[in-house]
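All values below were derived from every heavy atom in this structure, side-chain atoms included, with hydrogens, water molecules and symmetry-related copies excluded. The chains referred to below are lettered A, B, ... by the order of the sequence lines, with proteins before strands, and numbering in each begins at 1.
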Amino acid sequence: MVTINSIKRGIVIDHIKAGVGIKIFNYLGLDNADFTVALIMNAPSKKLGKKDIIKIENEIDIDFTVLGFIDPNITINIISGEEIENKVKLNLPEKIENVIKCNNPRCITSIEQEILHSFYLANKEKGQYRCIYCDEVNNPTSKS
Amino acid sequence: MLKGRHLIDPMDFTLMELDEIFDYADEIIKSPEKFSHICDGKILATLFYEPSTRTRLSFEAAMLRLGGQVLGFSEANSSSAAKGESVADTIKTVECYADIAAMRHPKEGAPKVASMHSTMPVINAGDGGHQHPTQTLTDLLTIRNIKGTLSNLTIGICGDLKFGRTVHSLIKAMSRYENIKFILISPNELTIPKYIKVEVLEKNNIEFLEVERLEEVMQDLDILYMTRVQKERFFNEEDYIRLKDSYILDKEKMEKAKKDMIVLHPLPRVNEIAVEIDTDPRACYFKQAKYGMYARMALIAKLLGVDK
């Protein structure tokens with residue numbers, strides 16, 4: 001197994017569903033980071049079978065709301081002095097803006113570029129979001 | 001307080017607010033002359049990005065009968081949308097000229113976008129296959145006036161229940177009243193979408209029954225709401241031939257119905273209601289069109305805050 005050193009100060013995003021890590025990596029703009037970052041894919045996990053992990057050796061501002069939308073099962077550990085200083089529990093946000101685009105070709109957002117892409121949480125159990133304009137269901141898996 | 005509000009979704013108003021509009025519509029119906037000048041000096045903009053003669057005429061008639069005036073366009077080609085103007089820019093410009101707007105647009109959510117950029121009330125006059133709230137107001141006002149109640153009713157809805165937006169809005173709206181039962185009559189290909197069943201009917205414990213043939217349930221209905229089934233919606237010719245007559249209301253089927261059942265239809269009809277039914281006192285679809293105008297008169301007056 002690949003070994004990655006523990007980090008002294010920064011953030012570990014754990015329990016990411018296998019395959020989703022790269023999306024979060026890109027969403028957070030870590031491909032342009034000038035500090036140490038590790039994306040671990042397909043690591044063995046008791047809970048998930050396989051999981052992705054992102055380790056960031058730096059203090060950065062993360063929009064936890066958006067991560068909650070991408071996958072509410074993700075855990076976030078804030079590391080300080082090589083120890084977990086804080087664990088952040090994610091929830092599905094009530095509202096998300098400009099993270100995904102509506103996939104309904106009949107929606108007004110499909111022809112007007114300047115409109116804010118906005119969604120409301122319609123079903124908490126299913127993690128289902130609906131477009132505020134056309135009410136079409138847009139799940140996190142349909143992220144653009 | 002309805003003054004200054006928008007109407008985008010049929011569920012935007014509470015039952016009390018709907019009653020306020022219907023009570024006001026009843027007053028207008030009783031003595032229309034008393035209301036013929038309440039909108040003097042006011043202008044309604046009808047922004048129709050796709051043609052819809054009946055809805056537009058109903059809005060225009062409503063405003064004219066209140067003493068107001070009307071301006072607008074009746075298709076996108078004759079508007080600045082053809083030049084690529086956004087809905088937001090259009091509404092911001094139109095509110096310089098008008099006091100209230102009714103918008104019909106082929107794209108879902110366009111009137112909502114307009115309402116987010118407008119300080120004048122915006123009424124959704126139909127947005128693609130999404131919502132048509134003034135049709136719902138029309139349906140409710142018609143039922144309330146002819147049946148005398150919006151509760152304790154068995155409502156049969158017949159035809160294309162999959163794609164019919166008026167049907168979805170009607171089910172949502174009627175589900176808020178007490179002791180409503182739906183009988184949903186459609187071919188298997190065109191049954192009500194699952195989300196309506198789960199999120200509206202089952203969630204609110206509304207009794208409903210799905211059947212394929214209208215003749216089987218005629219005797220149980222207090223209201224029959226007809227919609228058109230288009231041949232191209234069927235998956236195969238065989239089913240179409242087998243079922244097509246089930247979705248055409250004729251004298252023979254009407255004989256099985258209750259004496260006080262009423263037939264409604266959002267219009268235009270093609271052949272789903274035989275013309276021979278028009279003289280039956282239970283055929284209320286043309287009255288419904290008239291109630292539509294009264295509902296829009298009451299709505300315009302309430303949103304403008306000119307009601308006495």
Side-chain angles (χ1 to χ4, degrees), chain A residues 17 20 23 27 63-73 90-144, chain B residues 6 8-12 47 49-50 76 79-92 103-118 122 124-133 136 162-165 168-169 171-172 193-200 202-203:
Chain A
K17 197 171 152 193
V20 178
K23 285 186 185 173
Y27 181 77
D63 183 351
F64 294 132
T65 314
V66 175
L67 291 186
F69 165 69
I70 294 170
D71 183 354
N73 298 314
L90 295 179
N91 288 309
L92 284 171
E94 289 296 322
K95 204 168 107 177
I96 45 164
E97 285 181 345
N98 277 347
V99 179
I100 55 165
K101 289 183 176 172
C102 183
N103 56 23
N104 175 8
R106 301 176 307 277
C107 181
I108 184 68
T109 56
S110 69
I111 56 162
E112 291 204 3
Q113 309 308 317
E114 303 305 316
I115 300 172
L116 185 75
H117 293 270
S118 190
F119 299 81
Y120 62 93
L121 179 60
N123 187 320
K124 211 171 177 178
E125 286 77 42
K126 290 185 185 164
Q128 214 169 56
Y129 284 82
R130 287 185 186 273
C131 171
I132 66 160
Y133 307 105
C134 70
D135 293 305
E136 185 86 355
V137 171
N138 286 256
N139 288 325
T141 47
S142 64
K143 271 185 289 291
S144 54
Chain B
H6 307 291
I8 303 301
D9 184 298
M11 307 298 267
D12 281 349
L47 313 175
Y49 290 78
E50 64 176 3
S79 79
S80 48
K83 297 177 191 158
E85 187 179 56
S86 68
V87 167
D89 282 3
T90 301
I91 203 76
K92 280 189 244 176
M103 179 182 281
R104 159 72 62 109
H105 201 289
K107 288 289 179 185
E108 299 174 7
K112 169 101 178 175
V113 172
S115 72
M116 292 163 80
H117 293 89
S118 172
V122 174
N124 180 359
D127 57 338
H130 186 216
Q131 305 284 5
H132 193 0
T136 311
K162 187 174 183 182
F163 298 102
R165 65 180 170 194
H168 304 165
S169 297
I171 292 175
K172 278 191 203 171
K194 196 177 167 202
Y195 86 93
I196 298 272
K197 278 187 221 170
V198 176
E199 292 176 25
V200 181
E202 288 169 9
K203 191 174 164 188

Minimum-distance pair of heavy atoms, taken over all atoms of [X] and [Y]:
| X | Y | result |
| --- | --- | --- |
| A/Pro72 | A/Leu92 | CG-CD2, 3.9 Å |
| B/Val87 | B/Ala110 | CG1-O, 3.6 Å |
| B/Pro133 | B/Ile8 | CG-O, 3.5 Å |
| B/Met103 | B/Ala114 | CE-CB, 3.8 Å |

#### Entry: Side-chain heavy-atom pair A/Tyr27, A/Val99 within 4.5 angstrom cut-off
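Result yes, sub-4.5 Å side-chain heavy-atom pair found.
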### Task
Check whether A/Ile132 gets within reach of chain B through its side chain, its backbone, both or neither, counting any heavy atom under 4.5 Å.
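Contact with chain B is through both the backbone and side chain of A/Ile132.
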### Task
Could you give me the CA-CA distance, side-chain angles and deciding distance for A/Val66 and A/Ile96, then say whether side chain to side chain contact (heavy atoms under 4.5 Å, CB included) is met?
CA-CA 7 Å; A/Val66 175; A/Ile96 45 164; 5.5 Å; no
Kindly provide each donor-acceptor pair between chain A and chain B shorter than 3.5 Å, listing atom names and distance.
from: A/Asn104; atom 1: ND2; to: B/Glu108; atom 2: OE1; distance (Å): 3.0
from: A/Pro105; atom 1: O; to: B/Lys107; atom 2: NZ; distance (Å): 2.8
from: A/Arg106; atom 1: O; to: B/Glu108; atom 2: N; distance (Å): 2.8
from: A/Arg106; atom 1: NE; to: B/Glu108; atom 2: OE2; distance (Å): 3.0
from: A/Ile108; atom 1: N; to: B/Glu108; atom 2: O; distance (Å): 2.9
from: A/Glu112; atom 1: OE1; to: B/Val87; atom 2: N; distance (Å): 3.4
from: A/Glu112; atom 1: OE2; to: B/Val87; atom 2: N; distance (Å): 2.8
from: A/Arg130; atom 1: NH2; to: B/Glu199; atom 2: OE1; distance (Å): 3.2
from: A/Arg130; atom 1: NH2; to: B/Glu199; atom 2: OE2; distance (Å): 2.9
from: A/Cys134; atom 1: O; to: B/His130; atom 2: NE2; distance (Å): 3.1
from: A/Asp135; atom 1: OD2; to: B/His130; atom 2: NE2; distance (Å): 2.7

